[in-house]
Amino acid sequence: MPLPAAMLQRARDFAGPPAPARPAATVVLLRPATEAFDVYVLRRASTMVFGGVHAFPGGGVDRNDLPRTIRSDWPERLGVPEPEAKAVVGAAARELFEEAGVLLAGPAGDELVGDVSGDDWEADRVAVHRRELTMTELLDRRQLRLRDDLLVPWARWITPEFEPRRFDTWFFVAALPPAQTARDVSGEADRTMWISPAAANGLAMLPPTRVMLNDLSAYRSVDDVLRAEGEHDAATPVMPRVELTEDGGVLHM
């Protein structure tokens, strides 16, 4: 997989030691389409890290990302101890709400909260984004619980050692709740779209995003994707390494 010129130069210049990898989470949001399904992608603004590339909603784990979860097996599914596993799940749900205005929560049982685009919800989303309100506080106040059972872990990638900012990122997939709409509310993107995994391959993106879309291209429906958790390992991290040659670079997994 060819490397962007700037990334290749960083690999050539790297002398170590590597920066620590910060835990992070990202969510690939899916919705049914006429043919198979679409994924929600955003293009990072030029002022952001990795500006100009297309990605999924996501970001770093916050120390307040410790939600009360429904599932108890997250440590096994993610390959880390319980506190960190819960924090990763909490970050995935929070980032999805912050960057796409989608909330995976409900009052009880299998219920899901409805439209969350109103002014009162938007005020809460902004408060969460500004760290004036935690997701746990938001859900408690609205008498909701996190529907972490709707998050399906898919993969785990660690940024190559030569990058100055590194992340240990878990990728999740989730279906768009029926009564909700993904929207550009983060201020961190200059473009958002719903697009099929195959069509998205023509967009500028980093290797983990492209590999994720290639994986998803093998499935014919949202339900097929959500049932495929056992086919993928989100506990074992993948860290690309770079083999430098005279005329370019290649990522090897």
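For reference, positions follow the sequence shown, starting with 1. As the structure is a computational prediction, the values presented were derived from the model and not from experiment.
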Rounded at 0.5 Å granularity, tell me how far [atom1] in [X] sits from [atom2] in [Y].
{"X": "R210", "Y": "D215", "atom1": "CZ", "atom2": "CG", "result": "13.0 Å"}
{"X": "M212", "Y": "F172", "atom1": "CE", "atom2": "CZ", "result": "10.5 Å"}
{"X": "L30", "Y": "Y219", "atom1": "CG", "atom2": "OH", "result": "11.5 Å"}

Polar contact flag, side-chain donor to acceptor under 3.5 angstrom, D115-S117 = yes
ask   = Tell me the side chain to side chain donor-acceptor pair (under 3.5 Å) pairs involving residues 95-106, sequence neighbours left out?
value = R44-E99, R94-E98, E98-H129, E98-R131
Do [X] side-chain atoms and [Y] backbone N/O form a donor-acceptor pair below 3.5 Å?
{"X": "R43", "Y": "R191", "answer": "no"}
{"X": "R31", "Y": "V222", "answer": "no"}
{"X": "S221", "Y": "A36", "answer": "no"}
{"X": "N201", "Y": "L213", "answer": "no"}
{"X": "E137", "Y": "T134", "answer": "yes"}
{"X": "R63", "Y": "A87", "answer": "no"}
{"X": "R147", "Y": "E111", "answer": "yes"}

ask   = Between R68 and D140, does at least one N-O distance fall below 4.0 Å, as a salt bridge requires?
value = yes
Candidate pair V80 and W170, rule side-chain contact (heavy atoms from CB on, under 4.5 Å), full reasoning = CA-CA 11 Å; V80 289; W170 282 263; 3.8 Å; yes
Closest non-hydrogen atom pair, P197 against L216 = CG-CB, 4.1 Å
key: For A100 against P57, the heavy-atom pair lying closest together   = CB-CG, 4.2 Å
Any non-hydrogen side-chain atom of [X] less than 4.5 Å from a side-chain atom of [Y]?
{"X": "H54", "Y": "T209", "value": "no"}
{"X": "V27", "Y": "L104", "value": "no"}
{"X": "V113", "Y": "Q180", "value": "yes"}
{"X": "W194", "Y": "L29", "value": "yes"}
{"X": "W74", "Y": "L151", "value": "yes"}
{"X": "R125", "Y": "F97", "value": "yes"}
{"X": "V102", "Y": "Y40", "value": "no"}
{"X": "P153", "Y": "E229", "value": "yes"}

request  = May I ask you to check if R142 and W121 form a cation-pi contact, with NZ or CZ under 6.0 angstrom from the six-membered ring centre and within 45° of the axis?
outcome  = yes
task = For residues F56 and W154, establish whether the separation of their ring centroids is below 6.0 Å.
result = no
Are [X] and [Y] connected in the hydrophobic side-chain network, where two residues link if heavy atoms are under 4.5 Å apart?
{"X": "V53", "Y": "L42", "answer": "no"}
{"X": "I195", "Y": "V211", "answer": "yes"}
{"X": "V116", "Y": "V128", "answer": "yes"}

task = Evaluate side-chain contact (heavy atoms from CB on, under 4.5 Å) for R141 paired with L133, printing each intermediate quantity in order.
result = CA-CA 11 Å; R141 191 175 72 193; L133 184 70; 4.2 Å; yes
query = M205 and V41: side-chain contact (heavy atoms from CB on, under 4.5 Å), yes or no, with the steps?
reply = CA-CA 10 Å; M205 59 187 66; V41 298; over 6 Å; no
request  = Among V88, D168, L78, find the residue that satisfies the side-chain contact (heavy atoms from CB on, under 4.5 Å) test when tested with R156.
outcome  = D168
key: Derivation and outcome, side-chain contact (heavy atoms from CB on, under 4.5 Å), residues V173 and H232   = CA-CA 12 Å; V173 294; H232 298 271; over 6 Å; no
